[in-house]
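Proteins come first, then strands; the chains are lettered A, B, ... in the order of their sequence lines, and each starts at number 1. All heavy atoms count here, side chains included; hydrogens, waters and symmetry mates do not.
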Amino acid sequence: MSVVTRFAPSPTGFLHLGGVRTAIFNFLFARNNSGKLILRIEDTDQERSTVDSLDEIISSLNWLGISWDEGPYFQSKRLDIYRKYAEALLDEGLAYKCFMTNEEIQRLKEEASKKNKIYQYPKTWRNRSDHPDNVDFVIRFKTPESKEVKFSDSLRGGISIDSSNIDDFVILKSDGFPTYNFASAVDDAEMGITNVIRGEDHLSNTPKQVLIFNAINKEIPTFTHVSMILGKDKAKLSKRHGAESIKNFKESGYMAIGIINYLARLGWSHGDQEIFNLDEMINLFSLDNLSKSPAIFDTEKLGWVNASHIKHSNNDDLKELLKLELYKEINVDLAIELTKAKSKDLNLLKASLGFCESEYVDISEELKSEARENDGIDLIKKFSTDLDSMNEFTEETIKELFVTFLEKNSIKMKNIASPLRIILTGSKVSPGIYEVIRILGKNLTLKRLKVFVS
RNA sequence: GUCCCCAUCGUCUAGUUUGGUCUAGGACACCGCCCUUUCACGGCGAAAACAGGGGUUCAAAUCCCCUUGGGGACGCCA
């Protein structure tokens, strides 16, 4: 049987790290097995679902390069399907209508919390037939009183729970929308999902869904509950707790592949390998190499992974990503080549090439006077003359130029490098001075020196 | 409170399925040294873990049990 997985976000907020990682695992597993990935939007909460969230989720997935083969399907557009299943359960006596009002439930909840207990539906309407007319109702599942609910998880093995711990949970709300547990199970069955890969926080929902699968006579998919991503304080990463929109990571200069690599590696491993490109991940991915225990998100390591990907990216791709617009005389390819290895993120890479944006750079008065110290002007003049007389302009010859210049004038490297750096880049921090000169080229370098001296 | 899951360096992890090659390997971070024209990169090195207790066994990080610790879930949210 060929593999069908799904990513099923609810559009009630931005896409964050946890969601992305679930998407990645589903994506990698589907691709590894030449199966398909379905995107399903679980928008059954009419109050909280928003179009903005949906847009952001879709654009984040696109940016990350996580592609799907079917969908997006919207649960809000499949209401007949859920209703049909719910009515069938009603007919078979496996579900029942409950007329308890919200106020009543609210009261019970308060009562429970006063006693330091958790509210449980008292099964008031489980066996009643004195149904009122014209009153809102929900449909609840008639959970078997005492039965072992068993299912297996590819990571955790067989899991079994006594149904007495499960409420008569709502499957269809009074607005005609299904609840999560019902819609999810029905859709997984209807869509022929073979593998449900999701966060461990859903582990406790699974028995309910298994009950539904059984009740509607459908085959149970293979479950894989992936460990949680926790924040620095070891608490679950959530929207109000350290979880940022994936969009923020993009804006902070992270590459999509960097994020994917880091997140995939958080909970999945392949021996000692740390850096993977997308094809490698697809080829090597296996559910067997997932970790069972929760992982703490570490920005430092994400940064390192990201930097590593920048370093190994080809220059054309980076040029595209950075939308670099350098001064016309500058060789963009060379500029990127000489700077990408030392940049932790794309924003820093771009910033390090700030001195290449126009013909000249602005230099503060303070730095100007610093450049003039210790016979700076004099040295720069001499240096310009030597530079001007160069025939070949290569990595080697530039180095030679410096070596000879230092000897001839009996000075240290910093005596000339420091003023040069200031004059050529307008800053005390820059790429190596050889690199700066190579990037600017002979002409532009001479021009900047000349203007400064005069 | 009830139920479920988990447990190797500070962090991510390899090793656990098929006990022995593990005086536990790699990576990030930290610290030290080297390279060096700034910031970085890079190179080398150090420090750092099998939660505790019982079993089983000739032998346990690996199998079993208990304790402890951590996480998750208990909605007309998903």
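Protein atom CG of A/Leu348 is 16 Å distant from nucleotide atom P of B/C39, rounded to whole Å. Going from atom CG of A/Leu424 over to atom P of B/U37 covers 17 Å, rounded to whole Å.
Which of B/U13, B/A7, B/G72 sits closest to the side chain of A/Lys292 comes down to B/A7. For A/Pro294, counting side-chain heavy atoms from C-beta on, the closest listed nucleotide (B/G71, B/C12, B/C28) is B/G71. Distances from the side chain of A/Ala295 to the nucleotides B/U13, B/U37, B/A73 place B/U13 closest.
As the counterpart of B/U21, no nucleotide is assigned, since no Watson-Crick or G-U wobble pattern has both distances under 3.5 Å. Pairing partner, B/U2: B/A73, with both Watson-Crick or wobble hydrogen-bond distances short of 3.5 Å. Pairing for B/C44 is with B/G32, a Watson-Crick or G-U wobble pair whose two hydrogen-bonding atom distances lie under 3.5 Å. B/A7: Watson-Crick or G-U partner is B/U68, with both key distances under 3.5 Å.
Taking the six-membered ring wherever Trp is involved, the centroid distance between the rings of A/His131 and A/Tyr96 does not fall below 6.0 Å. Checked against a 6.0 Å centroid threshold, the rings of A/Phe405 and A/Phe383 count as neighbours. If you look at A/Phe177 and A/Tyr82, their ring centroids are not closer than 6.0 Å.
Contacts classified as salt bridge (charged side-chain N to carboxylate O under 4.0 Å, His left out) and involving residues 154-168 of chain A (residues at least two apart or in different chains) are given here: A/Arg126-A/Asp168, A/Arg156-A/Glu200.
The shortest distance between the side-chain N/O atoms of A/Arg140 and the OP1/OP2 oxygens of B/C76 is below 4.0 Å. For A/Thr44, a side-chain nitrogen or oxygen approaches OP1 or OP2 of B/A78 to under 4.0 Å. Distances shown here put a side-chain N or O of A/Lys173 below 4.0 Å from the OP1 or OP2 atom of B/A78.
Between the base of B/C76 and the side chain of A/Ser174 there is a donor-acceptor pair shorter than 3.5 Å. A donor N or O paired with an acceptor N or O is found under 3.5 Å between the base of B/A78 and the side-chain atoms of A/Asn205. Judged by atom type and distance alone, A/Lys301 does not reach the base of B/A29 through any side-chain donor-acceptor pair under 3.5 Å. In terms of polar N and O atoms assigned as donor or acceptor, the side chain of A/Asp272 comes within less than 3.5 Å of the base of B/G25 in a complementary pairing. For A/Gln273 against B/G26, a side-chain-to-base donor-acceptor contact under 3.5 Å is absent.
Using a 4.0 Å heavy-atom criterion, one finds that A/Asp201 contacts the sugar-phosphate atoms exclusively. Among the heavy atoms of the strands lying under 4.0 Å from A/Arg156 are primed sugar atoms or P, OP1, OP2 only; no base atom is included.
For the P atoms, the distance linking B/A24 with B/U62 amounts to 16 Å, nearest Å. B/C50 and B/A7 have their P atoms separated by 16 Å, with the value rounded to a whole Å.
Checking side-chain atoms of A/Ser163 against main-chain N and O of A/Pro144 turns up a donor-acceptor pair under 3.5 Å. Remark: side-chain polar atoms of A/Gln273 are paired, donor with acceptor, to backbone N or O of A/Ile275 under 3.5 angstrom. At distances below 3.5 Å, at least one donor-acceptor pair connects side-chain atoms of A/Arg448 with backbone N or O atoms of A/Leu424.
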Could you write out each protein N or O paired with an N or O of nucleotides 41-43 of chain B at a distance under 3.5 Å?
| unit_1 | atom_1 | unit_2 | atom_2 | d |
| --- | --- | --- | --- | --- |
| B/C41 | O3' | A/Lys311 | NZ | 3.4 |
| B/G42 | OP1 | A/Lys311 | NZ | 3.0 |

Worksheet item: Taking it one step at a time, do A/Ile212 and A/Tyr85 satisfy side chain to side chain contact (heavy atoms under 4.5 Å, CB included)?
Response: CA-CA 10 Å; A/Ile212 299 293; A/Tyr85 276 100; over 6 Å; no
